[in-house]
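Below is one structure; the comments refer to it alone.
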Amino acid sequence: MEINKAILKAPQGSEKMNTSLGWVLVIAIIGVSAVLFKVLGLLAGFALLALPIGAVVLSILWNKPKFGVWGTIVISFLSAGIARYVPGPWGLSVDILLALSWLTVILNKRVRVNWKFAKNDIVTVSVIWFAYLTLEIVNPAGNGLVAWFYAMRGIGFYQALTVPLIFLLFREEKDLIKFFNVIIAFSLLGTIWGFKQQLLGVDAAEHHWLYAENHHEEHVLHGVLRVFSYYSDAGAFGSSQAMMSLMCAILFLGPFKTVKKTKYLILAVVFLLGFAISGTRGALAVPLGGGIAYLILIKNFKILMAGFSGMVLVFVILKYTFMFQGVEQVRRMRTALDPNNKSLSVRHDNQKIFARYIADKPFGAGIGTAGFWGARFNPTSLMANTATDSWFTKIWAETGIVGFTLHLMIVGFILGKGAHKIMNMRLEKNRTYASALYAMFAGALLASYGNQVLIQMPTGILLNFALPFIFLIAERDRTEENPPV
């Protein structure tokens, strides 16, 4: 036994030796990277520097798959902004993190999950929708497998991967609270960055993105910047900020302590200002759709009437008066209610073009034929040169009347069952949390009539978390006692 112990015991100085070897390895990596920077360029140097970082990330995810799922939220907020400074396929990081999380759940026996938790209606409809998208690979009108791969990710792939992971790994209330805190933190950082652009102007990388990459026509109107923060564009920034303002406003109305309610109220106002400086007209539908959904959920006639009255007042001010016309953001929002708006007419004309083109295509023109990916893989096609604008138009054009009908059925099912679950919750705290998430989805859904909000980062990823959380809250509500808040 003594011999065995002696063998197993590390020799004196081994820890120092390991530390020294570690530093030698780090210095060697930096040295070789410097040579590669000089000889082969930035990408080769960064590739070597990324090796130890990648090893650490893999080690963490192998033991903590939840970190990979949390990482998708971080990347969904930051990927577009990072790409302006360090060009690269940062969006694929979401795919990598989700794939690694799934590999850990499946292969690492120390990560114990109860697979029965993944057997529920929301997972089922997510898988059904992705199965339909997979069948679109053989659509003869499509642009091929590569275009399909890139385009289907935001449409259904991320949802099919994320929703089951939430049910398997994020079952405790502390996960929900962390979700709220994380998205508030990164949204607030986005607001601050947006006001930096508004007050101090854009930096060199953002200026290059605006003018060298030809984004100024949609972001600089009459000499006024439509703030985009570190999001992909002003539309994504405005929609996300409007959604966060709505969420915080509903949480403010919850049964929480005064300090917590005050925090949510301040955040709601700050995010509302962020929405305003984006100049995004279509995002007006987020508080409208989400607000109506919330008022229906609470089943309080007095608040319902007060809420509707407030919405009508805002509508009347924007539609029939010139109040606050001196504010650029209000002027732009007012144009969204103009029936003679040229943008609206163009959208209707484009929908007629799509209708004629897919009249004999019940399964649509194929995933990846419209919008950005259509322009990349088949730039001369009619689909690529006709703007979809609306999320629903995109789904209809690419998946046909069959896919569009299936999509509407799934969305209707989620809305109906989610509302039923919330209305039958016992605890007001749980109803507030779930209602905030439900209103986010309903608002983004209505806003998607004019823009592709449901596919934008970070909104699309956030909603992939929000929907399963609603049903997890309902599960806990059946057994949970009313705790202090």
Side-chain angles (χ1 to χ4, degrees), residues 73 77 176 179-188 190-191 194 229 231 234-254 256 260-298 300 303-304 306-315 318 329 333 336 391 414-415 418-419 422 431-451 453-454 456-467 469-470 473:
I73 294 182
F77 274 98
L176 173 67
F179 171 70
F180 282 129
N181 291 337
V182 168
I183 64 176
I184 285 173
F186 280 96
S187 296
L188 185 58
T191 313
S229 185
Y231 294 68
F237 174 59
S239 298
S240 180
Q241 292 281 292
M243 192 172 72
M244 293 302 300
S245 179
L246 173 68
M247 184 195 83
C248 290
I250 292 174
L251 293 176
F252 161 72
L253 298 173
F256 304 117
K260 202 170 186 179
K261 289 170 72 74
T262 303
K263 178 189 75 172
Y264 286 133
L265 177 60
I266 293 173
L267 287 169
V269 173
V270 170
F271 292 138
L272 184 63
L273 294 174
F275 155 63
I277 63 175
S278 74
T280 306
R281 299 171 299 180
L284 277 171
V286 174
L288 175 63
I292 292 174
Y294 172 71
L295 294 174
I296 293 172
L297 288 174
I298 61 176
N300 186 313
I303 297 180
L304 184 64
F308 271 119
S309 299
M311 291 179 184
V312 170
L313 178 61
V314 172
F315 174 81
L318 291 175
Q329 288 76 17
M333 291 177 191
W391 162 266
I414 293 173
L415 285 172
I422 294 171
R431 281 198 303 274
T432 300
Y433 285 144
S435 296
L437 298 173
Y438 186 94
M440 289 167 62
F441 177 61
L445 198 63
L446 183 61
S448 293
Y449 178 76
N451 298 285
V453 174
L454 291 179
Q456 292 173 340
M457 291 287 188
T459 301
I461 295 295
L462 300 191
L463 294 178
N464 289 339
F465 280 73
L467 293 178
F469 271 134
I470 292 172
I473 294 170

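What's counted below: heavy atoms across the whole structure, side chains too, no hydrogens, waters or symmetry copies.
Here the straight-line distance linking atom OH of Tyr264 with atom OG of Ser245 works out to 14.0 Å at 0.5 Å rounding. Atom CG of residue Leu467 and atom CD1 of residue Ile414 lie 5.5 Å apart, to the nearest 0.5 angstrom. Atom CG of Leu265 and atom CG of Leu251 lie 11.5 Å apart (nearest 0.5 Å). The structure places CE of Met457 at 10.0 Å from OG1 of Thr459, a figure rounded to the nearest 0.5 Å.
The nearest pair of heavy atoms linking Ala249 to Ala268 is N-CB, 3.8 Å. Across all non-hydrogen atoms, the minimal contact from Gly254 to Lys261 is O-NZ, 3.1 Å. Between Gly194 and Ser229, the shortest heavy-atom distance links the atoms N-OG, 3.7 Å. When all heavy atoms are compared, the tightest approach of Leu176 to Ile473 is CD2-CD1, 3.6 Å. What you find for Val286 and Ala447 is that their closest heavy atoms are CG2-CB, 3.6 Å. Annotation for Phe256 and Thr432: closest pair CE1-CG2, 4.0 Å, computed over non-hydrogen atoms.
Counting heavy atoms from C-beta on, the side chains of Gln456 and Ser239 come closer than 4.5 Å. Between Met243 and Leu463, the closest side-chain pair of non-hydrogen atoms falls below 4.5 Å. Using a 4.5 Å heavy-atom threshold, the side chains of Phe275 and Leu284 count as touching. Residues Met247 and Ile183 have side chains in contact (heavy-atom distance under 4.5 Å, counting atoms from C-beta outward).
Between Tyr231 and Phe77, the two ring planes are perpendicular [angle over 60°; tilted spans 30° to 60°].
A donor-acceptor pair under 3.5 Å is absent between the side-chain atoms of Ser240 and the main chain of Ala236, judged by distance alone. In this structure, Ser448 contributes its side chain and Trp391 its backbone to no donor-acceptor pair below 3.5 Å. Thr191 places no side-chain N or O within 3.5 Å of a backbone atom of Gly274 that could act as its donor or acceptor partner.
Annotation: side-chain contact (heavy atoms from CB on, under 4.5 Å) contacts of Leu188 (sequence neighbours excluded): Ile192, Leu267, Val270, Phe271.
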Checklist line | Chi angles and distances behind the ring-ring contact (aromatic ring centres under 6.0 Å, His included) call for Phe180, Tyr433 | finding: CA-CA 9 Å; Phe180 282 129; Tyr433 285 144; 5.6 Å; yes
Would you tabulate the side-chain donor-acceptor contacts of residues 434-444 under 3.5 Å, counting partners in other chains and residues two or more places apart, or write 'none'?
from   : atom 1 : to     : atom 2 : distance (Å)
Ser435 : OG     : Arg431 : O      : 2.6
Tyr438 : OH     : Leu415 : O      : 2.8

